[in-house]
Asks: 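Pasting in a structure now, in structure tokens, and then I'll have a few things to ask.
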Amino acid sequence: MAGLANTYGRGVMTNHWTDYQFADAWLVIGGNPAENHPIAFKWITKARESRGAKLIVVDPRVSKTASLADIYAPLRPGTDIAFFNGFIKYILDNNLYHEEYVVNYTNASYIINPDFKLEDGVFSGFDGGKYDKATWQYTEEKDPTLEHPNCVFQLLKKHVSRYDLKTVSRICGTPENKLVEVWKAFAETGKPGKAGSILYAMGMTQHTHGAQNVRALAILQLLLGNMGMPGGGVNAQRGEANVQGATDQGMLFHITTGYNPMPSAAAHPTWADYVEKTTPKAGYWTNRPKFVAAMLKAWYGDKATAENDYCFDWLPKLATGDHSHMAIFRDIALGKIKGLFAWGQNLVVCGPSQVQARAGMANLEWLVCMDLFETETAAFWKAPDLDAARIGTEVFLLPAAGPYEKEGTVTNSGRWIQWRYKAVDPPGEAKSDLWIVDRLFKTLRAEYKAKGGAFPDAIINMVWDYGDPPDPNKVAMEMNGFSLETGELLPNFTAIANSDLGAVSSGCWIYSGFYNNVNDPACKRRNREDKSGLAMYHNWSWAWPLNRRIVYNRCSCDPQGRPWDPKRAPVEWDGAQWVLRDVPDFNAKVPPEETATKPFIMLAEGQALLFSIPMADGPFPEHYEPVESPVKNIMSKQQINPCTRFYGPHFEKFAAVGSEEFPYVCTTLRLVEHYQSGGLTRNLPFLVELQPEMFVMISKSLGEKLGIKTYDWVKVSTARGAIECKVGVTPLVKPLEVDGKPVEIVYMPWHWGFMGLSAGAIANDLTPAAGDPNTMIPEYKAFLCNIEKVKAGAPPAPRTRARAIYDL
Ligand SMILES: Nc1nc2c(c(=O)[nH]1)N[C@H]1C(S)=C(S)[C@@H](COP(=O)(O)OP(=O)(O)OC[C@H]3O[C@@H](n4cnc5c(=O)[nH]c(N)nc54)[C@H](O)[C@@H]3O)O[C@H]1N2
Ligand SMILES: Nc1nc2c(c(=O)[nH]1)N[C@H]1C(S)=C(S)[C@@H](COP(=O)(O)OP(=O)(O)OC[C@H]3O[C@@H](n4cnc5c(=O)[nH]c(N)nc54)[C@H](O)[C@@H]3O)O[C@H]1N2
Ligand SMILES: [Mo]
């Protein structure tokens, strides 16, 4: 993303939920907030009612959000890059971009190596499945007139020139007039004094080019000058209640706490290598070694010294570049992994290519599940397609407390860290996850102490002093960090940046300050007062970084510090000083000239990336078809993203391009009544009653063609597996005309499995295990299937089995 991924981590909101009310328009693409983020959606409703702001929705089907839109356009799953590149061309052709913003705040003026090119869908430097980026580099020069043929702006213009209206419509299946209607309406927000917000979620990311989808929308927002503006931004509507907190705390395999890269065995065998290779030459990340050393001080305390490189050698190192979900399941299938912890994850329902993944799980010697219920994962050996008698896996199910049965922090997509208090005690023997991990750690440490082992130091010497039972406040304080001299909590992360290397302790630098006062921890604040006038509520919880509510807010003003829109000004220069309504994302102690071309402090460039060198698969987004597609790529001979990740012999099962056996496009999605794998919600009688059965949705035309009616039972099959479920024939889904031929699209929720009060087919028995090269996310949102009628069916019984249980 333009600065986003590299700066603030993977998929956060640049703005925040209550900020939605300040937009003049929202472009919702690849998300369905009316269904999946309904409370956030109320801010959209509010602004529409009070100011007539416009809701624009682009989604393959008429989703709940689309049904409320001012403008709706359909598009074929997996073709969003063509849509965006066409949109960018429209903006450039019609001079609708915000020129002063683009020149000053992006890398538009940078001149790129003359050998950089795109040839037949592949960028220069492609070699052996990945890119050598030598030709993608900046030269020493810049051209602020943006006219040099090799400046980023002209290269972008040339890149998108191939995406004319007709071509985009042929690829996406979106009618030409609809494309123009959407583009025109949202481009209005490019005028100074207007702001437009892009809301996206999984419809954008779950593709083999998912990261480039997000890059495309970041480029768009930069051209329109919408980044840094209240009511603007790129807003990833995240999922799991605390997925933001989890990624902040290093739960992804390739990053440790606070978005520092996980060291790699090959590239960073020593601290010196790590420091040299991961520290940029300019921007705030020049402080990276201090942030990582502070984390090591939190983990190893007095043991971590300058002499022993702060115990860097004790950190685990990545053995390969990919330890993602699919890589783990490849290795389980190959018998390389013997034991697995499934901690609050229902893997058998959520992962792709489940028929193959589940079969592989039989290789596990042991499996430990921490969950509220016996999920499909804990009971994988009961799967109808597995022979329990031949599975020797020893399964442990540790009962876990639910979210409201324990206390601790939850971080929302707007980066607000909030304390959640315990509402009720967990039932029976269920324990909080912190209790379980504490007990597990202490037991392991005792084992290592008693028996030694291959590498005991990293465990024996770890600081682990949260009490018994462990106190989440103590964990929070360790994350906040403290002075090693006084023991006082750090006020914020500038205390790390301004200290010597290794002089302070902080488990997660971006969280320093969130708990900085023991008597009134910032994350526990519940003060509704809003002094900003922009619904920022600085005394309600605490937002990382530094309680800043809108990141990149220097960009809300022109280079001289005058707000683009005086009514929506988080910061402004009054001629003598900065007037601050939000925490500044720049040095506000100096006059505006000094930050005029450096508003993106986390990037070495100081300017946002229209041209992004860090991306694995190209500095500009280029259209490729999904791995399974009904059509050839009409943009180039390169059918799919050339850097697509595949996962070995068990998982390379794909339908051919234009397959006759699997002629329909299929995508998976969510329903408001269920949550994810249904591990929770299919065990709650009232939700099961509201949404009792697994189903697929097809168009009236496909229903007519196949003689299928609503409530019939159908078989849906792909190159990987087949499921049976009921069907809904609905006018909300329609075929799209793609390159002159009609393409039918089949939609299914993925909330079901064989356990719980409501059992049903697993959608992921059908999905492909192919991944995006930047994120390794699976392509859940676009693949090929066939559908056949099995038998006639009937509506669900008015009083379901669940209801009967509830009545007891
Ligand atoms: N009730 C409820 N709320 C939830 C969840 C839940 O399971 N239930 N899950 C939570 C989680 S973890 C997440 S990540 C979020 C996910 O939130 P969303 O991303 O909003 O969820 P989805 O329904 O998977 O997908 C959104 C939309 O993408 C569309 N779509 C499919 N393919 C494409 C495509 O190629 N391009 C475009 N533009 N659109 C496409 C679908 O038609 C669908 O309407 O929701 C969170 N909120
Ligand atoms: N086909 C398809 N597949 C998808 C997606 C898609 O759009 N399409 N979306 C993907 C996305 S975005 C996501 S986030 C994943 C989600 O996949 P999962 O993480 O597997 O989904 P959940 O159902 O949220 O699983 C969480 C499990 O944790 C348990 N649980 C809940 N609270 C707690 C707790 O406090 N402690 C413990 N220990 N357990 C708890 C629940 O009972 C549940 O069984 O699925 C992915 N899979
Ligand atoms: Mo998610």
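This is a predicted model, so every value here is computed, not measured. In listed order, ligands and their atoms are each counted from 1. Throughout, residue positions are numbered sequentially from 1 according to the sequence presented.
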Asks: Less than 3.5 Å between some nitrogen or oxygen of Leu669 and one of ligand 1, yes or no?
Replies: no
Asks: Work out whether the distance between some heavy atom of Leu671 and some atom of ligand 1 is less than 4.0 Å.
Replies: yes
Asks: Return a yes/no value for Asp80: is any of its N or O atoms, backbone included, closer than 3.5 angstrom to an N or O of ligand 1?
Replies: yes
Asks: Answer yes or no: does atom NZ of Lys178 have more than 12 heavy-atom neighbours from other residues, nucleotides or ligands under 6.0 Å?
Replies: yes
Asks: For Asn786 and Ser717, what are the C-alpha separation, side-chain angles and deciding distance, and is it a side chain to side chain donor-acceptor pair (under 3.5 Å)?
Replies: CA-CA 5 Å; Asn786 189 25; Ser717 51; 4.6 Å; no
Asks: Can you name the atoms of ligand 1, numbered from 1 with element, that are less than 4.0 Å from a heavy atom of His751?
Replies: 7 (O)
Asks: Under a 4.0 Å heavy-atom limit, does Pro60 contact ligand 1 with its side chain, its backbone, both, or neither?
Replies: side chain
Asks: Under a 4.5 Å cut-off applied to non-hydrogen side-chain atoms, are Thr644 and Tyr624 in contact?
Replies: no
Asks: Have a look at Asp765 and tell me which of Gln356, Arg720, Arg358 forms a side-chain hydrogen bond (donor to acceptor under 3.5 Å, both in side chains) with it.
Replies: Arg358
Asks: Counting each atom of ligand 2 from 1 as listed, which ones have a heavy atom of Ala401 under 4.0 Å away?
Replies: 34 (C), 35 (O), 36 (N)
Asks: State, with a plain yes or no, whether a side-chain heavy atom of Gln221 is found less than 4.5 Å away from one of Thr14.
Replies: no
Asks: Examine Gly239 against ligand 1 and note whether any of their N/O atoms are separated by less than 3.5 Å.
Replies: no
Asks: Just distances here: any N/O of Tyr675 and N/O of ligand 1 closer than 3.5 Å?
Replies: no
Asks: May I ask you to list the atoms of ligand 1 that are less than 4.0 angstrom from any heavy atom of Thr667?
Replies: 31 (C), 32 (N)
Asks: Closest non-hydrogen protein atom to atom 24 (O) of ligand 2, residue and atom name please, with distance?
Replies: Glu240 OE2, 2.7 Å
Asks: Find out whether Val475 and Pro470 are in side-chain contact, i.e. whether some heavy atom of one side chain is under 4.5 Å from a heavy atom of the other.
Replies: no
Asks: Determine, step by step, whether His37 and Phe41 satisfy the ring-ring contact (aromatic ring centres under 6.0 Å, His included) criterion, reporting the C-alpha distance in whole Å, the side-chain angles of both residues, the deciding distance to 0.1 Å, and the verdict.
Replies: CA-CA 6 Å; His37 302 86; Phe41 197 76; over 10 Å; no
Asks: Just distances here: any N/O of Thr79 and N/O of ligand 1 closer than 3.5 Å?
Replies: no
Asks: Which of the numbered atoms in ligand 1 are below 4.0 angstrom from a heavy atom of Pro77?
Replies: 34 (C), 35 (O)
Asks: Is the CZ atom of Arg420 crowded by more than 12 outside heavy atoms at less than 6.0 Å?
Replies: yes
Asks: Can you pull out the closest protein heavy atom to atom 39 (N) of ligand 2? Residue, atom name and distance to 0.1 Å, please.
Replies: Gly344 CA, 3.4 Å
Asks: Any idea which atoms of ligand 1 are less than 4.0 Å away from a heavy-atom of Val672?
Replies: 1 (N)
Asks: Applying ring-ring contact (aromatic ring centres under 6.0 Å, His included), run through Phe329 and Phe651 and close with a yes or a no.
Replies: CA-CA 9 Å; Phe329 275 81; Phe651 294 98; 7.7 Å; no
Asks: With atoms numbered from 1 as shown, which atoms in ligand 1 lie under 4.0 angstrom from a non-hydrogen atom of Gly78?
Replies: 34 (C), 35 (O)
Asks: Closest approach of Phe646 and Ala770, non-hydrogen atoms and distance?
Replies: CE2-CB, 4.0 Å
Asks: State the atoms of ligand 2, each with its element, that fall below the 4.0 Å cut-off from a heavy-atom position in Met370.
Replies: 37 (C), 38 (N), 39 (N)
Asks: When you measure from atom 23 (O) of ligand 1 to each heavy atom in Arg238, His37, Arg670, which option holds the nearest one?
Replies: Arg670
Asks: Give me the nearest non-hydrogen protein atom to atom 8 (N) of ligand 2 as residue plus atom name, then the distance to 0.1 Å.
Replies: Thr668 OG1, 2.9 Å
Asks: For atom 13 (C) of ligand 2, what's the nearest protein heavy atom and its distance?
Replies: Gln676 NE2, 3.7 Å
Asks: Any side-chain heavy atom of Arg682 sitting closer than 4.5 Å to one from His674?
Replies: yes
Asks: Run down the list Ile777, Leu372, Thr375, Asp371 and name the one with the heavy atom closest to atom 40 (C) of ligand 2.
Replies: Leu372
Asks: Please verify whether a non-hydrogen atom of Gly351 lies at under 4.0 Å from ligand 2.
Replies: no
Asks: Could you tell me whether ligand 1 has any atom less than 4.0 Å away from a heavy atom of Ala782?
Replies: no
Asks: Which of the atoms of ligand 1 are close to Ile29, meaning less than 4.0 Å from one of its heavy atoms?
Replies: 38 (N)
Asks: What atoms in ligand 1 come closer than 4.0 Å to a heavy atom of Val58?
Replies: 38 (N)
Asks: What I'd like to find out is whether the side chain of Met361 reaches to under 4.5 Å of the side chain of Leu367, using heavy atoms alone.
Replies: yes
Asks: Begin with the C-alpha distance, continue with both residues' side-chain angles, and end with the deciding distance and a verdict on side chain to side chain contact (heavy atoms under 4.5 Å, CB included) for Thr668 and Lys781.
Replies: CA-CA 6 Å; Thr668 57; Lys781 288 280 192 274; 4.3 Å; yes
Asks: Any idea which protein heavy atom is nearest atom 1 (N) of ligand 2, and the distance to it?
Replies: Asn764 OD1, 2.7 Å
Asks: Taking distance alone, with N or O pairs closer than 3.5 Å, would you say Gly30 contacts ligand 1?
Replies: yes
Asks: For ligand 2, which atoms have a heavy atom of Met202 less than 4.0 angstrom away?
Replies: 12 (S)
Asks: Less than 4.5 Å apart, side chain to side chain, heavy atoms only: is that true for Lys406 and Trp435?
Replies: no
Asks: Do Gln676 and Arg670 have side-chain heavy atoms sitting under 4.5 Å apart?
Replies: yes
Asks: Considering only non-hydrogen protein atoms, determine which one is nearest to atom 38 (N) of ligand 2 and report residue, atom name and distance to 0.1 Å.
Replies: Asp433 OD1, 2.9 Å
Asks: Just going by heavy-atom distances, which of Met204, His207, Lys781 is nearest to atom 25 (O) of ligand 1?
Replies: Lys781
Asks: Does Lys64 NZ have over 12 foreign heavy atoms under 6.0 Å away?
Replies: yes
Asks: Does an N or O from Cys350, backbone or side chain, lie closer than 3.5 Å to an N or O of ligand 2?
Replies: yes
Asks: Under 4.0 Å from any heavy atom of His674, which atoms of ligand 1 are there?
Replies: 1 (N), 2 (C), 6 (C), 7 (O), 8 (N)
Asks: Kindly indicate whether the side chain of Glu744, heavy atoms from C-beta on, has any atom under 4.5 Å from the side chain of Pro630.
Replies: no
Asks: With a cut-off of 4.0 Å, which atoms of ligand 2 are near a heavy atom of Lys406?
Replies: 34 (C), 35 (O), 36 (N)
Asks: Specify the protein heavy atom at minimum distance from atom 10 (C) of ligand 2: its residue, its atom name, and the distance to 0.1 Å.
Replies: Gln206 NE2, 3.5 Å
Asks: Parallel, tilted or perpendicular: which one describes the rings of Trp343 and Phe341, with boundaries at 30° and 60°?
Replies: parallel
Asks: Return the residue, atom name and 0.1 Å-rounded distance of the protein heavy atom closest to atom 34 (C) of ligand 1.
Replies: Gly203 O, 3.3 Å
Asks: To which of Asp59, Asn36, Leu75 does the heavy atom nearest atom 27 (C) of ligand 1 belong?
Replies: Asp59
Asks: Please state whether the rings of Phe186 and Phe87 are parallel, tilted or perpendicular, taking 30° and 60° as the class boundaries.
Replies: perpendicular
Asks: Using the rule given for side chain to side chain donor-acceptor pair (under 3.5 Å), can you reason through Gln345 versus Thr377, listing the C-alpha separation, both sets of side-chain angles and the distance that settles it, and then say yes or no?
Replies: CA-CA 8 Å; Gln345 241 202 323; Thr377 306; over 6 Å; no
Asks: What protein heavy atom lies closest to atom 6 (C) of ligand 2? Include the residue and the distance to one decimal.
Replies: Trp750 NE1, 3.3 Å
